[in-house]
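Chain naming here is simple, since letters A, B, ... match the order of the sequence lines and numbering starts at 1 in each. For clarity, every value in this text was computed on a predicted model and none was experimentally measured.
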Amino acid sequence: MSTELIKVTINEQEFEVEKGAKLIEVCREKGFGIPSFCYYGDLALQASCRMCLVRIEKMPKLQTSCTITCTDGMIVTTQSEEIEKAQRAMSEFLLANHPLDCPVCDRGGECELQEMVMDWGDLEERFVERKNAQPEKFLSPIVANDPQRCILCKRCTRVCDEWMGEEAIEAGNRGVNTVIGTYGGWLGCSQCGNCIEVCPTGTLLDGVYRHETRPWEMDQTRTTDVYSSDGMQLSIGSRGGEVHRIVARDRYVNGLNGEFLDVKARFAHGFINSKDRIKTPLIRYKKGGKLIPSTWDEAIHFVGSKLKESGNNVGVVASSRLTNESIFTLKRFATEAVNSNNYAVSDAYDLAPFFDNLSAPLCTHKEIRHAKTILLIGGEPEEEQTFTAKQIRQAVRNGGAKFIVVHDTPIRLAAQASQFIHVNKGSLDAFALAFADQSDATITKKLGAAQTEIDDLLKTIGETEGDFIIMFGGDLSAEAQAVLANVAGSFASDTRRALLHPLPLYNNSVGANDMMAGKKPLEEVLRTSKALLIAGSLPEDKTDLLANKDFVVVQELFETATTEYADVVLPAASFAEVDGTFTNNAGFVQRVRKAIEPIHQSKPDWVIASMIARELGADFGYNFSSTMVFKAIADSVPAYEGLRYPLLKDESKPVQAKYSPVAKRDLSNEFAALRRKVEALPETSEKITETPRVGHKLHRVTTMTGKTDQFHLLAAGNPKPENLLVSPLVQFNLDGTPRLVEMAEAASVNVKDRIDDKETVASKVVLK
Amino acid sequence: MATAVPTDFTNQVVFTEETATFSPEVIEEMRSHLTKYPEERKRSALIPLLFVIQRERGYIDNPGVNFLADFLDLEVTDVWETATFYSMFNLRPVGRHHLQICKTLSCKIMGEPEITEHVCNRLGIHPGETTADGKFTVSLVECLGSCGTAPMMQNGFDYYEDLTVEKVDKILDSLK
């Protein structure tokens, strides 16, 4: 879009606008409300709802303002009798088949159609003929569908196609019979739920929140996603201390992700109010005994006395799901309360090699969307960093970016790639060498890709004008990450910016790396410490290292494999119950806000750690307010210098931590280590040719997602029930096996049971 | 009065992974359709290929849809979307004679409801259904482009125009 300014007259007022701007956007920006349903910011144009009609001089008919780009001297009228008449007529058509069942519709109160009809429509219906009535049904365990409420704006089909690249939902049939649906009536997609979010009516509904409460009865709290490292901004809807749903609707929250969320961020909130939460502190007085409920005072006193016995042989392990405040306090606990340098993060992917060699700025998600060339090495963003994946898709599809994938598996995102370098299984390290121009015949052979492919890639990068982004994840070895992060900066030139984007696994992996400067590898800490304070659980394969410890304290939400080894378990508060910050993979420090009071007797992790510290005689200077913790972070972590909560208040203007890039350094040690690793790879290697199943990571049942029943069915392969009119949760056990009795009952439910007889409905209507 | 064609029957499709197979000649014919379009616009060949599938398999069945999705690098839902839009594609098995009665404006004004009622009463089925002997299927379809000779219906690729009840009787007799 050029920045040339042109003159447009709207409602007799003259404005200067950018050439090529969309008329509907300009009108709305200047304060002239224009109703619309099918128009949706970043999506392809549809112009099917005909609500955004305006009069443009010298054009014969009313025009849809969503499809018009501004031209010089355009004279536009947005409000007149003629336009209002057309809009009233349109809303009457939209309501021809739309039942006015707002009192029982989940969307009632935040429905765009409802609002528009109140503003523009004629509430008296003239259409008294038989309506095209169809019953509400299920498209998946998570998506419920009421076809008769659909106004065919096709936002859902465009979102599915353009944002998710899945094309799972489409409009079938024709004319008055058109319905939104799928082949076979069942959604086998990643279940992101973005179709539900963008639906302007109650056609697609949240199957987890369905019929739980009403939108106006909930408190909305803006906060940050607790699953993905993209740091998506979302709004928690809670009522009476219970979290009912999570949305990213722009009336509540306006973050970097717009209205985009993924299946875990949107639906896997069942763990917050789960009945399995640990309610009180638990103490195991004798090894091998039972965990017995106790009071906080007793538990803290007990922990204090036991830790004193262990002296400075205490190790501290923090989960990278915790807030920066908690992780920072845990580090202080290690260094100040127990005078030990044994602290670690229980994250499989250590980001230190990446950040220690950061030779280029971190890129934001907006920069991904407008990048010219994107290089993805390993990782699987469509399953782990879903918003990054969406930005890549749109950069390719709507922005024409070149997208190069280097991977040993043909991941789904590779279908979008302009070049896919399919390397041998486990040989991404060899690619790091080749990319840093350290290649030779052995390396190329182990890599399994021809040198010409690497040359093509370097040629594409060399031709790039604009942003060039390198992203990679934890499936590369530490040395390979160091190499890639350190050579990235050398691709920058006068016309090209080189940017780096890590693909961490957890919501606060980046923050954990910042907070725990000088951390040790997890296994070393677990092996060398006599006593341990663990916040969050360990990866399951590491838990047996806890077997012979003198004393283990675990701060957790649930009883897990780790708590089985614990001598004391302290109930921690979930992300919805604490104030704090998460740092995402773009380095944005974003607020986590308390939506509900900590349930049962749980406390935020940093409060627990400082309570134990006080028992041991160390005072951190903060006891009650996370503001003070964050101030302490800002004072001692260089990248966070000067940050305060008020600066982070506006989620639409996220604040980036200041990472200082390092200069290019001598990498010969890393090269040598990588060369040894590559040479150790097997001589002959077969390539992985199978594309992984949709949702193989997203739908995994974990301690957290497992508390939402729907995820069990998704993990069991999302089986299609016998009858779509009855909830799949009724027809299947959680392991995906059919519940035969219920299924037989469900099979006897038919359409007529769910809608009034059409004839009687027609005869009830009295003509006016 | 006749009800609209039921639209939700595809919900009952039992989803299979099975993919249809075709003889080398048919595959060759399909490839010849592909050559008419640019290589990166393979999906343009969807409609001609749907005709081939229907000819070969009788109707657009699930294995056929899976085959097309593979053949054209589409999602099955894309194939479903196109196939359901056009009334000449049948997503269910149809009788030997597929009577498609035009229900759009001109035909409706010129007496389509009586024609439909008569045909359905005579055959003892609703629109969208097939007779028990598998001989006739009746569908109501959108405009077939013969408004000048309304009301009209189509059997296979043959048009019957300027219909009256007597004419319909004769046609149905001749089709037996």
Between Q100(B) and S87(B), do the side chains contain an N or O donor and an N or O acceptor separated by less than 3.5 Å?
no
Side chain, backbone, both or neither: which part of V65(B) has a heavy atom under 4.5 Å from chain A?
side chain
Part of E722(A) within contact of chain B (heavy atom distance under 4.5 Å)
neither
Contacting region of A415(A) [heavy-atom separation from chain B under 4.5 Å]:
neither
Counting heavy-atom pairs under 4.5 angstrom with chain A, the leader among E75(B), E81(B), E142(B) is E81(B)
salt_bridge(D101(A), R149(A)) N-O dist < 4.0 Å
yes
Any salt bridge linking R412(A) with E383(A)? Criterion: basic side-chain nitrogen under 4.0 Å from a carboxylate oxygen.
yes
Look at the rings of F22(B) and F67(B) and say which category their plane angle falls in: under 30° parallel, 30 to 60° tilted, over 60° perpendicular.
perpendicular
